[in-house]
Amino acid sequence: MASWWVLYGCIIIVCGCIEVTVQEKDTDILVFTVASNQTDGFKRYLRSAKVQGFEGKIRVLGVGQPWKGGNMKSVGGAYKINLLKRALKEFKDDTQRIILMTDGYDVIFLAPLEAIISRFKLFGARILFSAEGFCWPNKSLASQYPAITRGEPYLNSGGFIGYASNIYSVLMSFPVTDTDDDQLFYTKIYLNPAFRKKHNMKLDHESEIFQNLYGAVDKVELRFNGNEAYLQNTAYDTVPMIVHGNGHSKVILNSLGNYLASAWSAEQGCLNCWDGTVELFNEQPETYPPILIAIFVDRPTPFLQEFFHKIYHQAYPKSKLHLFIYNSETHHDYVVEEFTENSGNEYKSVKIVTASDRIGLPQAKMLAMDYCLQKECSGYFSIDSVAHLDNEHTLKLLVEQQRGIVGPLLVRQEQTWSNFWGAIADNGYYARSADYMEIIQNKRKGLWNVPYITHCYLINVTLLNNFETRPVYTIDGTEPDMAFAITNRYRDIFMYVNNRLEFGHLINPETYDLRRTNPDIYEISSNKLDWQKRYIHDNYNDNFNVDHKPIQPCPDVFWFPIVNLRFCREFIEIMETYGQWSDGSNQDFRLQGGYENVPTRDIHMNQVDYERQWLYFLKEYVRPLQELVFIGYFHDPPRSLMNFVVRYKPEEQPALRPHHDSSTYTINIALNQVGVDYEGGGCRFLRYNCSVTDTKPGWMLMHPGRLTHYHEGLRVVKGTRYIMISFIDP
Ligand SMILES: *[C@@H]1O[C@H](CO)[C@@H](O)[C@H](O)[C@H]1NC(C)=O
Ligand SMILES: *[C@@H]1O[C@H](CO)[C@@H](O)[C@H](O)[C@H]1NC(C)=O
Ligand SMILES: *[C@@H]1O[C@H](CO)[C@@H](O)[C@H](O)[C@H]1NC(C)=O
Ligand SMILES: *[C@@H]1O[C@H](CO)[C@@H](O)[C@H](O)[C@H]1NC(C)=O
């Protein structure tokens, strides 16, 4: 059986060869384009030709020669005509050979040549031009076009196909200088009825072969046929074979290019991700290219210690890493110094720019790139303080990806805010692309060419070396990262965002308020997971293990680890910095009735602006524990009007007389350590004659508030005891 298959395979191949040879004789074809530079767009063009199996037919004109066609952002480009003229001279009398000419930087082939040729032949034309909806560059020529009933009316010279002899003769019809406009040249010839007839010139009005995207974005749809993406023209019900991102449609072309020509498939995911990648091996640190990590702390940022921690733990040999740290926030000096003092000398070099250097962000970015070149880096890794690299292999994987500019996908937790834009609105700002949600949710994984990337990306030094390609962060009135993206788009430099794996996330700095004491502890809801990692007790999750029996030091009094020592320390600091403890009398202006029956020396959460955060804490971390031990009671969210920290000390208020709480249940979190910070203290439940005295910081007692759990605060005999109390569901 196996040999039969092999044999069959051979026959197929032989047939294929014969067929191709026959066809070659029949209709020999050459594909021309003009490209002075190997831009990313041009690499994409070549890749698509390769995918369609005709890479070998491509003749690139103008390689390595300076571009002479003027500023292509407006008119120009007749240089292409003159190049083609020279190239076609040898075929000037060839009436059989087919020539396909397209632009190079903004074109993708969507079909094999054989298919393009057969479709061309169906037109019965000697030369077929692509068509578009704009009469460019001279609008007033529109009236001279032959009337049509359907399709795009006007000639576009970004793609045409025809017989060599006819094309040559058209090219020779009148002289042009390099900086003239090529489209105007072909338009004039087409609009001349005699020429049009003589060369049997037609336009591909309905995009049967050529799809120009500018002005036609609403007429095309990306579709999938099983695994393969294709472009459907829904206006004319055609499936174009060559797509051209003319005019202002480059961003759309780039987005389509993420899928078309076998770039991505639903089943296999990213197919072009492997192009040109390398592999770096742990045991060969000397082979890792040297990288400058440029860190920008340009705004108050929560969880900065963790940020540096994750930089430090990147699995990349430190002997190959240089650091440039820009910190414009004096408040963060401590964290930066802590990091550089502890770890700085493990890196090849460290350069720090602080607020006292009075350097603006765009200027700092220029300095960092200079520093990279000075240190002979191979890659420039720019990262802002909000970008957390949870995956320690991020930098290594980005290097292995080998792209000009490539960054990891980073998304804010529980939000749709990420470090890239999928599309650009007409005003130049954010627009959501059709695939944006699928990318940020990792439903589509791959390497995405995007119009805007920020916060974290690796740039190959080849782009830094060349003045024409070196990133620009300074455009008047524009944010540095906007300037960066705008210039890259203009220069046809692709920016890739990578979500082949999970790399990390973005911190949300919006609610961060440096005027607070220990401001990170306020970030409980805006940066929940980071907060949780920093402040929740290591054993918190064990509370929920099925075989875990909750600790019950007294009847119906439950005891749980909930927050860690750092939380406790920072919370006491917040209270002591605020300092306005109540006087322990029955008069309490903070209460609605102004009267407190069982007063303590305390500070309410709302006095330190922590009320909202505290209620969130009750909902997210306390309520689940309550539901675990007091079964059948559900109150979501828990309500609580009395949330406060109590301070007991012998010379102030050492104890609290027996009382009930006005709560369904009460929580009591110890914030410091008995036997170390104070002696005595604890809580006694009178009905059971049961006391909890060996309280542990970060552990929470939970008990019913009324009737059964009449309780008192035991006397502190030395030092200061702090506890955090809430009366839940009063
Ligand atoms: C190609 O690169 C050269 C420098 O290497 C630059 O001068 C030229 O403007 C670039 N041409 C295009 C079309 O981008
Ligand atoms: C545009 O075409 C019209 C009609 O041929 C001509 O009169 C006019 O000079 C052209 N405009 C430019 C700017 O070339
Ligand atoms: C930069 O590009 C060069 C040439 O393609 C490559 O050898 C080098 O590894 C790249 N550097 C990085 C850091 O990716
Ligand atoms: C309460 O318990 C303490 C010690 O556990 C004991 O000394 C005392 O006698 C008990 N009181 C009553 C009334 O049972």
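In listed order, ligands and their atoms are each counted from 1.
Two residues are said to be in side-chain contact when any heavy atoms from C-beta on lie closer than 4.5 Å; L395 and L321 meet this criterion.
At a threshold of 4.0 Å, the pair R657-E712 does not count as salt-bridged, since none of the basic side-chain nitrogens sits closer than that to a carboxylate oxygen. Look at R47 and D275 and you find a salt bridge, because one of the NZ, NE, NH1 or NH2 atoms lies within 4.0 Å of a carboxylate O, short of that distance. A salt bridge links R470 to D370: one of the charged nitrogens lies within less than 4.0 Å of a carboxylate oxygen.
Remark: distances from the non-hydrogen atoms of V461 to ligand 3 are all 4.0 Å or more.
Taking the ring centroids of Y154 and W136, they lie at or beyond the 6.0 Å cut-off. Residues Y457 and F484 place their aromatic rings such that the two centres sit under 6.0 Å apart. Residues H322 and Y347 keep their aromatic ring centres 6.0 Å or farther apart. Taking the six-membered ring where the residue is Trp, the centroids of F134 and Y214 are separated by under 6.0 Å.
Atoms of ligand 3 lying under 4.0 Å from at least one heavy atom of G379, given by number and element, are 13 (C). Counting atoms of ligand 3 from 1 in the listed order, those under 4.0 Å from a heavy atom of N460 are 1 (C), 2 (O), 3 (C), 8 (C), 10 (C), 11 (N), 12 (C), 14 (O). For ligand 3, the atoms closer than 4.0 angstrom to any heavy atom of I291 are 13 (C).
Counting all heavy atoms, side chain and backbone alike, C270 lies closest to L447 at SG-N, 3.8 Å.
By the criterion of a heavy-atom distance under 4.0 Å, neither the backbone nor the side chain of V278 is placed next to ligand 3.
Close N/O approach between T462 and ligand 3 is not found [any backbone or side-chain N/O within under 3.5 Å].
Contact shell of ligand 2 (protein heavy atoms, cutoff 4.0 Å): N138, S140, L141, Q144.
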